[in-house]
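Heads up, the thing below is written out as structure tokens.
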Amino acid sequence: MSTDSQKMPYTPPALEFKSSTFSVPVLVLSSDDLLIIEQQLQEKVDLAPEFFKNSPLVLDVQALNKQGYAIDIAALTELIRKIGLLPIGIRGGNAQQNRQALELLMPVYSIRSGGVTEETQKQKTVTPEPNTELDSDVTATTLITQPIRSGQRIYAKGDLVITAQVSAGAEIMAEGNIHVYNTLRGRALAGVQGNTDARIFCFDLQAELISIAGNYKVSEDLDESVRNKPVQIYLQDQALIIKDIVQHH
Amino acid sequence: MARIIVVTSGKGGVGKTTTSAAIAMGLAKKGHKTAVIDFDVGLRNLDLIMGCERRVVYDFVNVINGEATLNQALIRDKNCNLLYILPASQTRDKDALSQEGVGKILDELKKDFKYIVCDSPAGIEKGAHLAMYFADDAFVVTNPEVSSVRDSDRMLGILASKSRRAEQNEEPIKEYLLLSRYAPDRVKLGEMLSVDDVQDILSLHLLGVIPESKSVLNASNSGTPVILDEKSDAGQAYADIVARYLGENRPHRFIDDKKGFFRKLFGSK
Ligand SMILES: Nc1ncnc2c1ncn2[C@@H]1O[C@H](COP(=O)(O)OP(=O)(O)O)[C@@H](O)[C@H]1O
Ligand SMILES: [Mg+2]
């Protein structure tokens with residue numbers, strides 16, 4: 001359902017910014033038995049419920065795959081969400097698992113990139129300042145768990161993951177991909193340094209503007225059929241494609 | 001521990017001063033020593049709403065400049081002896097306030113008062129910034145219309161990033177939504193946003209809905225905070241809000257169209 005998209009000139013940011021990187025706990029799995037996983041995870045969470053409540057989590061299935069156990073990512077994610085944790089990515093998955101993860105709006109991290117650092121401590125969250133660039137390692141992922149309000153501006157050098165809403169009048173930019181696990185009402189610009197492979201994923205598309213590598217569409221150009229839906233947005237032959245995140249076969 | 005409450009919105013004319021006067025009175029009536037400060041330097045009107053405009057000798061700016069002590073400038077309310085008003089200056093401009101000066105006054109007030117209510121001016125400039133900077137809690141007053149909601153959203157971004165708590169990486173300001181001048185019949189006609197619409201956009205904890213009410217004008221004409229008009233809908237709405245803020249569990253009111261029931265019954269337009 002692509003239509004024409006216009007080219008927007010890239011203006012380099014004219015401000016000096018703070019930098020921060022984030023660490024997210026990684027759940028390394030060594031069994032594919034969902035019952036056992038549920039039981040053991042619940043035991044751990046019960047030890048410190050406040051600590052784990054709504055904590056983001058990256059799922060590591062590499063060891064499991066090496067042993068030849070390909071776990072079902074959808075079922076695993078559902079189980080973990082039920083326990084009250086928020087899986088925000090997967091690593092070490094096979095092609096099918098990675099596809100499953102993307103369908104669930106979860107980014108796929110590579111093992112080597114160092115995009116996510118292992119940490120057992122609770123995730124630090126940031127409060128973005130208006131007009132603030134969150135500068136970080138080129139490969140790092142910026143995670144934001146608080147709403148981005150009107151007038152605020154976020155810039156991430158790598159991927160940008162936001163679990164709260166993005167208000168109308170807010171602007172989020174990333175040199176990599178943008179994931180919004182909530183309503184996207186503001187402006188979202190991915191691949192702002194020209195990465196045409198960058199994508200935008202969001203739970204509920206109500207954006208004022210979406211752009212990938214300078215190819216943009218404003219709210220008025222958005223087809224009704226993609227509004228208020230979980231979608232992914234990418235570039236194909238210089239045209240912005242907006243698609244249901246869940247592929248119906 | 002004393003708590004500093006800022007009553008803010010971004011937009012003007014939404015009911016911040018009305019709210020500041022009402023909740024300050026409500027907190028004092030519940031037995032908490034409370035001070036309410038007018039940050040609207042140059043456009044003071046809190047003293048009018050509180051009915052103490054003819055007793056103003058010194059003001060906020062005099063205290064900051066060391067021309068008067070805090071005790072000289074604080075005016076004790078005529079209806080409640082646990083409530084004090086610190087009026088704004090009518091003759092200066094907003095530059096008369098400094099962050100350091102405001103911080104010193106608030107520190108001094110914190111020793112003696114349980115709640116300090118800061119009535120913010122409109123806008124997002126200096127006066128509004130100083131009113132919210134030291135806050136522990138924010139009452140975000142919003143009218144059910146798109147531009148007011150947008151301005152509140154903007155103010156929420158500023159609370160989350162420019163306040164003292166944000167700058168010092170402390171626990172963030174607690175934010176509460178007060179939906180004011182709500183008219184259910186106009187919501188029904190589609191002329192106003194509904195409570196749900198506003199909640200959906202702001203995703204904020206709703207402390208209460210204050211109906212559009214003639215009692216507010218009557219109260220300000222007589223110089224008594226509307227919460228003292230216990231029979232009025234707006235007065236009751238503010239009483240609910242104070243009670244909820246203090247931890248009581250009260251169901252929300254004033255959201256539904258009362259006339260709707262009769263309309264349905266009798267089929268009138
Ligand atoms: N609930 C209400 N119903 C009717 N009028 C109201 C209500 N709240 C405020 N007003 C009126 O709106 C105007 C602006 O209120 P005010 O409290 O001074 O707003 P602000 O301090 O935000 O500028 C005043 O005339 C006031 O009487
Ligand atoms: Mg006012």
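Here is how names work: the chains are called A, B, and so on, in the same order as the sequence lines, proteins then strands, and each is numbered from 1. Quick note: numbers below take in every heavy atom, side chains included, and nothing from hydrogens, waters or symmetry partners. Please read all numbers here as calculations on a predicted model, not as lab measurements.
- Within 6.0 Å of atom CD in A/Glu78, 12 or fewer heavy atoms from other residues, nucleotides or ligands are found, so the atom counts as exposed in its surroundings.
- Counting heavy-atom pairs closer than 4.5 Å to chain B, the top residue among A/Ala168, A/Ser167, A/Ser150, A/Ala170 is A/Ser150.
- Closest of all the heavy-atom pairs between B/Arg150 and A/Gly169 is NH1-CA, 4.0 Å.
- For A/Glu224, the salt bridge (charged side-chain N to carboxylate O under 4.0 Å, His left out) criterion is met by A/Arg227, not counting sequence neighbours.
- In this structure, A/Arg185 does not pair ionically with B/Asp153, as no charged nitrogen and carboxylate oxygen lie closer than 4.0 Å.
- With a 6.0 Å radius and a threshold of 12 heavy atoms from other residues, nucleotides or ligands, B/Glu248 has its CD atom above the threshold.
- Both the backbone and the side chain of B/Asp200 come within contact range of chain A, judged by heavy atoms closer than 4.5 Å.
- Of all the heavy atoms in A/Gln152 and B/Gly157, the pair that sits closest is NE2-O, 3.4 Å.
- Around CD of B/Gln168, the count of heavy atoms belonging to other residues, nucleotides or ligands within 6.0 Å exceeds 12.
- For a residue to count as touching a neighbouring chain, one of its non-hydrogen atoms must lie under 4.5 Å from one of that chain's; by this rule B/Leu202 touches chain A with backbone and side chain alike.
- Taking CZ of A/Arg149 as the start and OG of B/Ser203 as the end, the distance is 5.0 Å to the nearest 0.5 Å.
- Screening residues 121-130 of chain B for side-chain hydrogen bond (donor to acceptor under 3.5 Å, both in side chains), with sequence neighbours left out, gives no hits.
- Using a 4.5 Å cut-off between heavy atoms, B/Leu159 makes no contact with chain A at all.
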